[in-house]
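A short worksheet on the structure shown next.
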2 protein chains.
Amino acid sequence: MPDPDEAYLQIGEVAERTGVTQRTLRFYEEKGLLGPPTRMDGGFRLYSEQDVKRVEHIRRLQDLLGVALAEIKEMVDAEEVLRELRAQYRPDSAIDEKRRQLERAIDVVQGQYGIVKQKTEQMEEMKAQLKERLRTFDRWMKELNELEAKEPVAPG
Amino acid sequence: MPDPDEAYLQIGEVAERTGVTQRTLRFYEEKGLLGPPTRMDGGFRLYSEQDVKRVEHIRRLQDLLGVALAEIKEMVDAEEVLRELRAQYRPDSAIDEKRRQLERAIDVVQGQYGIVKQKTEQMEEMKAQLKERLRTFDRWMKELNELEAKEPVAPG
DNA sequence: TCTTACCTTGACGTAGGCGTTAAACCGCGC
DNA sequence: GCGCGGTTTAACGCCTACGTCAAGGTAAGA
C-alpha cells in the first residue's frame with residue numbers, strides 16, 4: 001500500500017539519480033535486493049524515494065565493504081524488518097513477536113558494526129604506516145637538497 | 001640476483017603460510033602481481049620471504065579496500081619503485097635523477113594515502129550511523145519492556 | 001629403482017555483477 | 001493516429017578471480 005502522495009519515478013530517472021544503470025536496477029530486483037516496485041498501467045516500474053535511498057545504500061555497502069550482493073541483501077533485508085516493525089506499530093498483541101524481531105535486528109546491526117569497526121581499525125593502521133612513509137620521504141628529500149647545497153650542480 | 005643466504009620456499013609452503021591456494025599464487029604471477037619467482041632445476045618455483053610478505057600485503061589490500069586486482073597491482077608496483085629507489089642508493093652522481101624518483105614515490109604514496117583516508121572517513125561515518133541505530137533499538141526495546149510492565153502478559 | 005608427494009603447464013568451468021542486443025510495447029506531443 | 005523515445009522481458013556475452021581437472025615431470029626416501 002504505497003503512499004499516493006509520493007512522487008513516483010520511472011526507472012530511467014532512478015538510474016540517472018543513483019548513477020547505476022537500468023539493467024542494474026532490474027538485476028537488483030531480480031536478486032531480491034529491491035522489492036518488486038509498483039507499476040503503472042502499461043507495466044512500467046514506478047520507484048519511490050525510499051527505493052532511491054535503498055539503492056544508494058546498497059552501493060555504499062558495496063563500495064565500502066566490498067562484500068557480495070548476497071551479504072548486502074541480508075543487511076538490507078534486516079533493515080526492512082525494522083521498517084515493518086515501525087509500520088506495524090499496533091500497541092496491542094504480539095509484543096513478544098516484536099521483541100524477537102527487534103532482537104534479530106540488533107544482532108544484525110551489531111554484526112555490521114563489528115565488521116565496520118574492525119575494518120576502520122585496520123585502515124587506520126595502514127593510514128598511519130603511509131603517513132610515516134611520507135615523513136621518511138620528506139626527510140630523504142631534505143637530505144638530498146642539503147647534499148646538493150654542499151656539492152654544487154654539475155661539478156665539471 | 002637473489003640472496004643465496006635466503007631460505008627459499010616452494011609454492012605449497014607459501015600457500016600454506018599465506019592462506020591462499022597455489023592456483024592463486026600462479027594467478028597473481030600471471031597477472032603481474034608477483035614477479036616471476038626463481039626456479040629450481042626441475043622448474044619448481046622458489047619463493048622468498050619477501051614474496052610471502054608481498055602476498056600478505058596483497059590480501060590485506062584486497063580485504064580492506066575491496067578494490068580490483070588491477071588497482072592493487074598499481075599499488076604493489078609502486079612499492080617496487082620504492083624498493084628500487086632504496087637499492088640504487090649510490091651516494092655519488094645523479095642527484096636530480098634521485099630527486100625525480102623520490103618525487104614520484106611521494107606522489108604514489110600520497111595517492112594511496114588519499115584513497116585510504118577517504119575510505120576511512122566514509123567508514124567512520126557508517127560506523128556512527130550504525131551506532132546511532134543501535135541506540136535507537138535499545139530505546140525501542142526499553143519502551144517495549146515498559147509497555148509490557150503496564151499491560152500484564154496474556155491478559156485472559 | 002620404485003613409490004609417493006609435490007610440482008608443472010594447459011585448458012576448461014564457475015559465480016558474481018552486470019553490459020548489450022533484440023523485438024516488442026507504452027506514453028505522449030502533435 | 002503517428003512518430004519517437006522511454007520501457008519491457010529474454011537471452012546471450014563478458015570480465016574477474018579464481019576452482020578444478022588432466023597429464024605428466026621432479027625430488028627424495030626405502
Side-chain angles (χ1 to χ4, degrees), chain A residues 2 7-48 51-52 54-77 115, chain B residues 2 7-48 51-52 54-77 115:
Chain A
Y8 278 87
L9 310 164
Q10 284 186 220
I11 196 168
E13 198 163 351
V14 175
E16 196 174 346
R17 282 183 49 183
T18 59
V20 309
T21 66
Q22 303 184 10
R23 173 70 177 94
T24 299
L25 290 172
R26 297 194 193 99
F27 178 74
Y28 285 175
E29 181 185 336
E30 194 181 324
K31 293 296 169 182
L33 285 155
L34 295 175
T38 55
R39 306 269 187 150
M40 43 201 265
D41 283 3
F44 288 18
R45 288 171 176 79
L46 288 176
Y47 295 92
S48 69
D51 292 325
V52 172
R54 189 152 169 163
V55 172
E56 287 166 348
H57 189 197
I58 291 171
R59 302 295 354 218
R60 260 206 314 278
L61 288 173
Q62 234 184 335
D63 279 6
L64 278 182
L65 305 186
V67 301
L69 287 189
E71 202 166 337
I72 292 179
K73 175 170 160 52
E74 282 187 31
M75 293 184 174
V76 294
D77 279 359
I115 294 174
Chain B
Y8 278 87
L9 310 164
Q10 284 185 222
I11 196 170
E13 199 162 351
V14 175
E16 196 174 348
R17 282 183 48 185
T18 58
V20 308
T21 66
Q22 303 183 12
R23 174 69 176 96
T24 298
L25 291 172
R26 297 195 193 100
F27 178 74
Y28 285 174
E29 181 185 338
E30 192 180 325
K31 293 295 166 182
L33 285 153
L34 296 175
T38 55
R39 307 266 188 153
M40 42 200 268
D41 282 3
F44 290 18
R45 287 172 178 80
L46 288 176
Y47 295 92
S48 68
D51 292 325
V52 172
R54 188 152 171 163
V55 172
E56 287 166 348
H57 189 199
I58 291 170
R59 301 294 357 219
R60 257 204 317 279
L61 288 175
Q62 236 185 334
D63 279 7
L64 277 182
L65 305 186
V67 300
L69 288 188
E71 200 166 340
I72 292 178
K73 175 169 160 51
E74 284 187 30
M75 292 187 169
V76 294
D77 280 359
I115 294 175

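Predicted, not measured: the structure shown is a model, and the values here were computed from it. So that the names make sense, note that chain A is the first sequence line, chain B the second, and so on, each numbered from 1.
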[atom1] of [X] versus [atom2] of [N]: gap in Å, rounded?
X	N	atom1	atom2	value
B:Leu34	D:dC18	CG	P	12 Å
B:Glu30	D:dG19	CD	C1'	13 Å
B:Glu71	D:dT16	CD	P	14 Å
A:Asp41	D:dT7	CG	P	16 Å
A:Met40	D:dG6	CE	P	14 Å
B:Leu65	D:dA17	CG	P	14 Å

Please tabulate, for the side chains in residues 61-72 of chain B, all donor-acceptor contacts under 3.5 angstrom to protein atoms that are two or more places apart in sequence or on a different chain.
| unit_1 | atom_1 | unit_2 | atom_2 | d |
| --- | --- | --- | --- | --- |
| B:Gln62 | OE1 | B:Tyr28 | OH | 3.1 |
| B:Gln62 | OE1 | B:Arg59 | NE | 3.0 |
| B:Gln62 | OE1 | B:Arg59 | NH2 | 2.9 |

Residue pairs fulfilling salt bridge (charged side-chain N to carboxylate O under 4.0 Å, His left out) with at least one residue in residues 15-24 of chain B, sequence neighbours excluded: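 Passing the test, one end in residues 15-24 of chain B: B:Arg17-B:Glu49.
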
Residues in side-chain hydrogen bond (donor to acceptor under 3.5 Å, both in side chains) with A:Gln22, at least two apart?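 A:Gln22: side-chain hydrogen bond (donor to acceptor under 3.5 Å, both in side chains) contacts with A:Arg26.
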
For A:Asp77, what residues pass the side-chain hydrogen bond (donor to acceptor under 3.5 Å, both in side chains) criterion, not counting sequence neighbours?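 Counting only residues at least two positions away or on another chain, A:Asp77 forms a side-chain hydrogen bond (donor to acceptor under 3.5 Å, both in side chains) with A:Lys73.
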
Go through the structure and list residues passing side-chain contact (heavy atoms from CB on, under 4.5 Å) with A:Gln10, not counting sequence neighbours. A:Met40, A:Phe44, A:Leu46

So if I define the base as every atom that isn't primed, P, OP1 or OP2, how would nucleotides 4-18 of chain C read as a B/S/- string at a heavy-atom cutoff under 4.0 Å? --BSBB-------BB

State the CG-CZ distance between B:Leu33 and B:Arg54, to the nearest 0.5 angstrom.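 Going from the CG atom of B:Leu33 to the CZ atom of B:Arg54 covers 7.5 Å.
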
